[in-house]
There are 2 protein chains.
Amino acid sequence: MSSLPLSSSDNPISLPSAAGLSVPAFSPLYQQIKALILHSLQAGEWKPGEAIPSEMELAARFRVSQGTVRKAIDDLAAENLVVRRQGKGTFVATHAEQQVQYRFLRLLPDSGDASVEGPAQRHIIDCKRVRASADVARILGLRAGDAVMQARRVLSFSGVPTILEDIWLPGTSFKGLTATQMTSYPGPTYAMFELHFGVRMVRAAEKIRAVLPDPEQADLLQVSPETPLLSVERLAYTYNDVPMELRRGLYRTDTHHYRNDLS
Amino acid sequence: MSSLPLSSSDNPISLPSAAGLSVPAFSPLYQQIKALILHSLQAGEWKPGEAIPSEMELAARFRVSQGTVRKAIDDLAAENLVVRRQGKGTFVATHAEQQVQYRFLRLLPDSGDASVEGPAQRHIIDCKRVRASADVARILGLRAGDAVMQARRVLSFSGVPTILEDIWLPGTSFKGLTATQMTSYPGPTYAMFELHFGVRMVRAAEKIRAVLPDPEQADLLQVSPETPLLSVERLAYTYNDVPMELRRGLYRTDTHHYRNDLS
DNA sequence: GAGTGGTCTAGACCACGCG
DNA sequence: GCGTGGTCTAGACCACTCA
């Protein structure tokens, strides 16, 4: 049995156990190891795309068996925070170098084959520093009036404008974001965020509705104002469930559809 | 090392290995065990809600270690085919007795709390035996003209009609389905399918679009024909990726939204 | 207290990637 | 041939449930 991390028996992590009540407050060794690795990921000890230490090394560092480290990494891999590659190592997940170009974009061409239409053409309409509305501030966990970066862009596939997006980012983390940066980086925007701002989007939640565009939106998407569109509000989070991006998208669904798998 | 199931070394499962080429064609023991358990699930050896044999029993039956059975069951649990309950056993997953009433329904009230509005009121408009259109037949893997059961219904929350659904089911598996059955069963429709037809929906895929209703649809949902609605086409599968239900839904999204979590 | 799943270990061997 | 992750085993002990 180990000693450096809390073992399973010493466990109730030396909390003042509340008057005879049986609060669980217990966590298995492998979850503690997982938390330690996660902490290193957040701290940037290993950068996106890099390999983390081997299971044997981590086992030695934390003074536990390889099997325990293994279970911790299994969890992290299941959450898409790291990627295992047999024979090579375990790597910090990144939005760059992914087989599917856009990990969080569920819009597919009706033909089914996303590879035929290739990557989206991006057209930045606007990118500026503004003060957060009460609405946006609340969602991003800021105070109304705090600085935020705001961008608007249109994504086109095969020359057809298909997605109109408004993006809000906390001003402190994304100071200096420019339209040029948004356009020139050759890959997913989230990969650019990793590279230039050290911010990794780890998970996201979307609220989807059917709406009609206002005249300006209709114009940008080159559709009539009577065209029903998918409204997709995405809140993306970094480590630790900290919200880092609000994205309001309008998707044309005459040639594309939003795909979701349930289980 | 075991002998009853193929061990890891004998492995390339006695396939005629193609002329020196290194085709993987290899599967670990635990995946073979998983396949065997899956087969028993399909065959109905254990019914939904029942416990499957303990890990020790299965290990003895298949002549492998408990750890190997464990890994197989871990996989099945990750796919929501079984549910583990510490101290009690491992149970065949079911659409009945689930904390979330509707496992495949992602529509939530904007208030966020689905429990306040309670279960949906169901109103069956139609339920009849028809011949499959080419369209429906192709999607369900049938031949045009094959018998299918077709149902149409409206789901209301707090008295407000919110969802209009058309449902198609293979006639052979759902012979004798009646509107009464659709209405009277007190729980998810998929639980009723398990009980009365022995069909378990295991996963599903949805295609989502924004559309305008035709006059009849607008009337049934009590909205104007200019109201944009979410069109949700769901194809639900049983074991073995066999499609067993096509469901075309129209969702009102003025008071509700479709929720999706990405990671 | 008996039985179930859950954790942890230690050690052996296998498959893969790369030099 | 070495190092990496992947599989498999056997055994010990822990946490939960229920009679």
Side-chain angles (χ1 to χ4, degrees), chain A residues 1-13 17 22-35 37 46 50-60 62-78 82-93, chain B residues 1-13 17 21-35 37 46 50-60 62-78 82-92:
Chain A
M1 194 101 314
S2 104
S3 61
L4 234 204
L6 296 163
S7 81
S8 202
S9 346
D10 329 298
N11 211 310
I13 310 191
S17 60
S22 66
V23 185
F26 149 84
S27 98
L29 236 198
Y30 78 89
Q31 282 184 20
Q32 301 175 37
I33 303 301
K34 177 184 168 188
I37 298 176
W46 316 295
E50 288 182 7
I52 72 173
S54 74
E55 296 179 353
M56 289 303 280
E57 281 182 82
L58 290 171
F62 299 130
R63 311 289 208 80
V64 298
S65 80
Q66 190 213 5
T68 300
V69 170
R70 184 166 195 72
K71 183 125 205 232
I73 295 181
D74 277 347
D75 265 28
L76 295 171
V82 299
V83 176
R84 320 189 77 138
R85 284 184 216 148
Q86 182 171 160
K88 301 184 69 175
T90 301
F91 299 79
V92 181
Chain B
M1 194 115 298
S2 105
S3 60
L4 236 202
L6 295 164
S7 80
S8 201
S9 344
D10 328 299
N11 212 310
I13 310 190
S17 59
L21 277 187
S22 65
V23 185
F26 148 84
S27 98
L29 237 197
Y30 78 89
Q31 282 184 19
Q32 300 176 38
I33 303 301
K34 177 185 168 188
I37 299 176
W46 317 294
E50 287 183 8
I52 73 174
S54 74
E55 296 179 353
M56 289 303 281
E57 282 182 82
L58 290 171
F62 298 130
R63 312 290 208 80
V64 297
S65 79
Q66 190 213 7
T68 300
V69 170
R70 183 166 196 72
K71 182 125 203 233
I73 295 181
D74 277 348
D75 266 28
L76 294 171
V82 299
V83 176
R84 319 188 77 135
R85 285 184 216 147
Q86 181 171 163
K88 302 184 70 175
T90 301
F91 299 79
V92 181

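Residue numbering restarts at 1 for every chain, and letters A, B, ... go by the order of the sequence lines.
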field: Rounded distance (Å) that lies between atom C1' of C/dG6 and atom CE of B/Met56
entry: 14 Å
field: Presence of A/Thr90 side-chain N/O under 4.0 Å of D/dG5 phosphate oxygens OP1/OP2
entry: yes
task: Figure out the CD/C1' separation between B/Gln31 and D/dG6, and round it to whole Å.
output: 11 Å
message: Please pick, from D/dG5, D/dC8, C/dG6, the nucleotide with the shortest atom-to-atom distance to any side-chain atom of B/Thr68.
response: D/dC8
- request: Kindly say whether B/Ser27 contributes a backbone atom to a donor-acceptor pair with the side chain of B/Gln32 at under 3.5 angstrom?
  value: yes
query: Which whole-number value in Å describes the distance from B/Asp75 CG to D/dG6 C1'?
result: 13 Å
statement: Which of D/dG5, C/dT7, C/dT9 is nearest the side chain of A/Arg84? It is D/dG5
task: Find the distance A/Leu58:CG to D/dG3:P and express it as a whole number of Å.
output: 17 Å
message: Side chain of A/Gln86 only, heavy atoms from C-beta on: which candidate in C/dA15, C/dG17, C/dT9 is closest?
response: C/dA15
- prompt: Is there a side-chain polar atom (N or O) of A/Ser54 under 4.0 Å from OP1 or OP2 of D/dT4?
  reply: yes
- prompt: So which nucleotide from D/dG6, D/dC8, C/dC8 ends up closest to the side chain of A/Leu29?
  reply: C/dC8
Rounded distance (Å) that lies between atom P of C/dC8 and atom CZ of A/Phe62: 14 Å
B/Gln66 CD to D/dT9 C1', straight-line distance once rounded to whole Å: 11 Å
- prompt: Heavy-atom distance under 4.5 Å between the side chains of A/Asp75 and A/Tyr30, does that happen here?
  reply: yes
message: Taking the minimum atom-to-atom distance to the side chain of B/Pro28, which one of C/dC18, D/dC8, D/dT4 wins?
response: D/dC8
- line: Comparing nearest nucleotides in DNA chain C, the 5'-proximal residue of the pair B/Ile73, A/Tyr30 is B/Ile73
field: Side chain to side chain, A/Asp74 and A/Arg84, heavy atoms closer than 4.5 Å
entry: yes
query: Starting at CD of A/Glu55 and ending at C1' of C/dA15, how long is that distance when rounded to a whole Å?
result: 14 Å
- line: Contacts of A/Val69 and A/Lys88 projected onto DNA chain C by closest heavy atom; the upstream (5') one is A/Val69
query: In whole angstroms, how far is the P atom of D/dG6 from the CD1 atom of B/Ile33?
result: 20 Å
- prompt: Do A/Ile37 and A/Phe62 pass the side chain to side chain contact (heavy atoms under 4.5 Å, CB included) test, and can you show the C-alpha distance, the side-chain angles, and the key distance before you say yes or no?
  reply: CA-CA 10 Å; A/Ile37 298 176; A/Phe62 299 130; 4.0 Å; yes
Of the listed nucleotides C/dC8, D/dA10, C/dG6, the one nearest the side chain of B/Ser65: D/dA10
query: Looking for any heavy atom pair under 4.0 Å, which part of the strands does A/Arg70 touch: base, sugar-phosphate only, or nothing?
result: base
query: Rounded to the nearest 0.5 Å, what separation is found between the OG1 atom of A/Thr90 and the CD1 atom of A/Ile73?
result: 4.5 Å
